[in-house]
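Just below is one structure, and these are the notes that go with it.
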Amino acid sequence: MDEKRDYTLTQEQLARYAKALGHPARVAILHFLAQQETCYFGDIHEELPIAKATVSQHLKELKEAGLIEGEVETPKVRYCINRQNWEKARRLFGEFFEQCVCSSGKCCS
C-alpha cells in the first residue's frame with residue numbers, strides 16, 4: 001500500500017491564500033487596497049455595504065493570511081497590501097493554473 005504524503009508547503013500556502021480570497025467582501029477589500037498606497041479602516045468601511053464589525057473580521061482574515069498589513073496610528077488603523085506576499089500569491093496561483101497538461105480542450109471527453 002502506498003504511503004500518503006503530507007501536503008507541501010506550497011500547497012498549504014496556496015490554500016491559505018485561496019481561503020482568504022474565498023469571500024467577495026475580502027476580494028473587494030483587496031481590490032480597493034491594491035489601488036491605494038495606504039488607507040484607513042474608515043475608508044475601507046465606506047467602500048463596502050457591510051457592518052464595521054464584519055469589515056474588521058474580513059481584514060483580520062486577510063491580515064492572518066499575510067495579504068495585507070495593518071499599522072496602528074492611534075486612534076486609527078492604516079492598511080495596505082503586503083507587496084511581498086501579494087507577489088508570492090500571484091506567482092503561486094499563476095503556477096497552479098498553468099500546470100494543466102490538457103491543452104486540446106478534450107480532457108474529460
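All residue numbers refer to positions in the sequence shown, counting from 1.
- The OG1 atom of T54 lies 12.5 Å from the NZ atom of K52; values are rounded to the nearest 0.5 Å.
- Both F97 and Y17 are part of a single hydrophobic cluster, where members link through side-chain heavy atoms under 4.5 Å apart.
- Summarising the local packing, CD of Q35 is surrounded by more than 12 heavy atoms from other residues, nucleotides or ligands at distances under 6.0 Å.
- Here the shortest heavy-atom pairing between A25 and L48 reads O-CD1, 4.3 Å.
- With sequence neighbours excluded, the residues satisfying ring pair (Phe, Tyr, Trp, His ring centres under 6.0 Å) with H23 are H58.
- Remark: L62 CG to I29 CD1 distance equals 5.5 Å, nearest 0.5 Å.
- Annotation for N82 and G66: closest pair CB-O, 3.2 Å, computed over non-hydrogen atoms.
- Checked by atom type and distance alone, the side chain of E98 never pairs as donor or acceptor with a backbone atom of E95 at under 3.5 Å.
- Here the OH-CD distance, from Y7 to Q13, works out to 16.0 Å after rounding to the nearest 0.5 Å.
- With hydrogens and angles ignored, the 3.5 Å screen pairs no side-chain donor or acceptor of R26 with any backbone N or O of L21.
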Under 3.5 Å donor-acceptor pairs involving side-chain atoms of residues 67-81, not counting sequence neighbours:
residue : atom : partner : partner atom : Å
E71     : OE1  : R78     : NH2          : 3.1
E71     : OE2  : R78     : NH2          : 3.1
E73     : OE1  : Y40     : OH           : 2.7
E73     : OE2  : R78     : NE           : 2.8
E73     : OE2  : R78     : NH2          : 3.4

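- Every residue two or more places apart in sequence or in another chain that forms a side chain to side chain contact (heavy atoms under 4.5 Å, CB included) with F96 is listed here: L14, Q99.
- The main-chain N or O of K88 is never found under 3.5 Å from a side-chain atom of N85 such that the two would form a donor-acceptor pair.
- No salt bridge links E12 with R16; every basic N to acidic carboxylate O contact stays at or beyond 4.0 Å.
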